[in-house]
Amino acid sequence: MSALKEEKDNVLEIEPFYVANGSEIEIFEAAYLSRLPMMLQGPTGCGKTRLVEHMAHRLSVPLFTVSCHEDMTASDLLGRYLLVDGNTEWVDGPLTKAVRDGGICYLDEVVEARQDATVAIHSLTDHRRELYLERKGSEVLRASEKFSLVVSYNPGYQSVLKDLKMSTRQRMVAIELDFPSPDIEEKILLEAGVEQTNAQVLVRLGSVIRRTPLSGLREVASTRTLIAAGKLMARGLSFKDAASVAIAGPLSDDIEVRAGLTAIISAYEDPVQS
């Protein structure tokens, strides 16, 4: 596959729906034009990935998304030699493709990656904007003018053992995101196909869960879980059943926490039956 075809395949042709909850779009664009790497901070399901997708379309650049995990190595980002048609050939990884051809490389949940993988990005996050490919004859790539590195990071979820080093954090522009305001969140649910009455009650439910202190609850109801509940309601499930399996179930297995969430859900009248 040619580089041109690969680049075309990574361009988002349809604009992803995104409603700003602050000045994150302006900050993102300014950082991109200034060639500064970005760190998106915020809870799970608050719209970090959707913001990156929206900005890639807005800036008309390819997007290379990498879901980081504990088994991911530097080779998964940079590339490796593979056997192609009987010949050993170097195949670029997503980071190398973005550096070489231009585009946004988005490392989702970057702290989940192994240390050797995160070390590989350091030379791209300062004035050098260079990528070192030791396994490819110590080749040095200078980043394209259209290259940008974006990572996501959930401060509230990470443990002491899984945290971003200060030396890495200080190389990046921090864009803090949170759950959208109720009026914006309702718009997001409506765009996702949730019926308006259901969207309104689900947004209220989400707000209450986020404000209620439940011991042992590491995450709260995200916009993503509210959309899932709304889609189940559109298929005929009751509000209680949809909210239980799409919101309470994924949030915790703890019996007491689940009981607390169920009590909150039960306090709401089913909008389908009202």
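- Both V194 and I184 belong to a single network of hydrophobic side chains, linked directly or stepwise wherever heavy atoms of I, L, V, M, F, W or Y lie under 4.5 Å apart.
- Residue D253 places its CG atom among 12 or fewer non-hydrogen atoms of other residues, nucleotides or ligands, all under 6.0 Å distant.
- Remark: side-chain polar atoms of D126 are paired, donor with acceptor, to backbone N or O of R128 under 3.5 angstrom.
- Using a 3.5 Å distance cut-off with no hydrogens or angles, the side chains of E219 and N154 do pair a donor with an acceptor.
- Ion pairing of E29 with R58 is present here, as a side-chain N (NZ or NE/NH1/NH2) and a carboxylate O approach within less than 4.0 Å.
- At least one donor-acceptor pair closer than 3.5 Å links the side chain of R171 to the backbone N or O of H122.
- Within the 4.5 Å cutoff, the side chain of R224 has heavy atoms near those of the T44 side chain.
- By the ring-ring contact (aromatic ring centres under 6.0 Å, His included) test, Y32 pairs with no residue at all, sequence neighbours left out.
- To the nearest 0.5 Å, atom CG of residue L36 and atom OG1 of residue T125 are 10.5 Å apart.
- From M72, atom CE reaches atom CG of D116 across 8.5 Å, with rounding to the nearest 0.5 Å.
- Although no hydrogens or angles enter the test, the distance criterion places no donor-acceptor pair under 3.5 Å between the side chain of S152 and the main chain of L40.
- Note: K48 NZ to Q41 CD = 10.0 Å, rounded to the nearest 0.5 Å.
- For the ring-ring contact (aromatic ring centres under 6.0 Å, His included) test, residues two or more places apart in sequence or in another chain that qualify with Y81 are W90.
- For I255, the CD1 atom sits in a loose shell: 12 or fewer heavy atoms of surrounding residues, nucleotides or ligands are nearer than 6.0 Å.
- Summarising the geometry, atom NZ belonging to K136 is positioned 15.0 Å from atom CZ belonging to R80; distances are rounded to the nearest 0.5 Å.
- Side-chain atoms of E24 and E176, non-hydrogen and from C-beta on, never get closer than 4.5 Å to each other.
- Of the charged side-chain nitrogens involved, at least one lies within less than 4.0 Å of a carboxylate oxygen, so that R100 and E139 count as a salt-bridged pair.
- The closest donor-acceptor contact from the side chain of E195 to the backbone of N198 lies under 3.5 Å.
- Applying the side-chain contact (heavy atoms from CB on, under 4.5 Å) test between S244 and each of L237, L232, I265, L261 identifies I265 as the sole match.
- Residue-environment remark: NZ (K231) stays at or below the threshold of 12 foreign heavy atoms within 6.0 Å.
- More than 12 heavy-atom neighbours from other residues, nucleotides or ligands sit within 6.0 angstrom of CD on E26.
- Annotation: side chain of I104 is not in contact with side chain of F64 (no heavy-atom distance under 4.5 Å).
- Here NE2 of H57 is found 8.0 Å from CD1 of I14. Values are rounded to the nearest 0.5 Å.
- Screening L131, L77, D101, V91 for a side-chain contact (heavy atoms from CB on, under 4.5 Å) with T96, the sole residue that qualifies is L131.
- Checked by atom type and distance alone, the side chain of R204 never pairs as donor or acceptor with a backbone atom of P182 at under 3.5 Å.
- C46 SG to D178 CG: the interatomic distance, rounded to the nearest 0.5 Å, is 6.5 Å.
- In this structure the side chain of L51 never reaches within 4.5 angstrom of the side chain of Y106, judged on heavy atoms.
- With salt bridges taken as basic N to acidic carboxylate O contacts below 4.0 Å, none links K97 and D92.
- In this structure, S252 contributes its side chain and D254 its backbone to a donor-acceptor pair below 3.5 Å.
- Residue E130 qualifies as enclosed at atom CD: its count of foreign heavy atoms under 6.0 Å is above 12.
- A salt bridge links E185 to R210: at least one charged side-chain nitrogen sits closer than 4.0 Å to a carboxylate oxygen.
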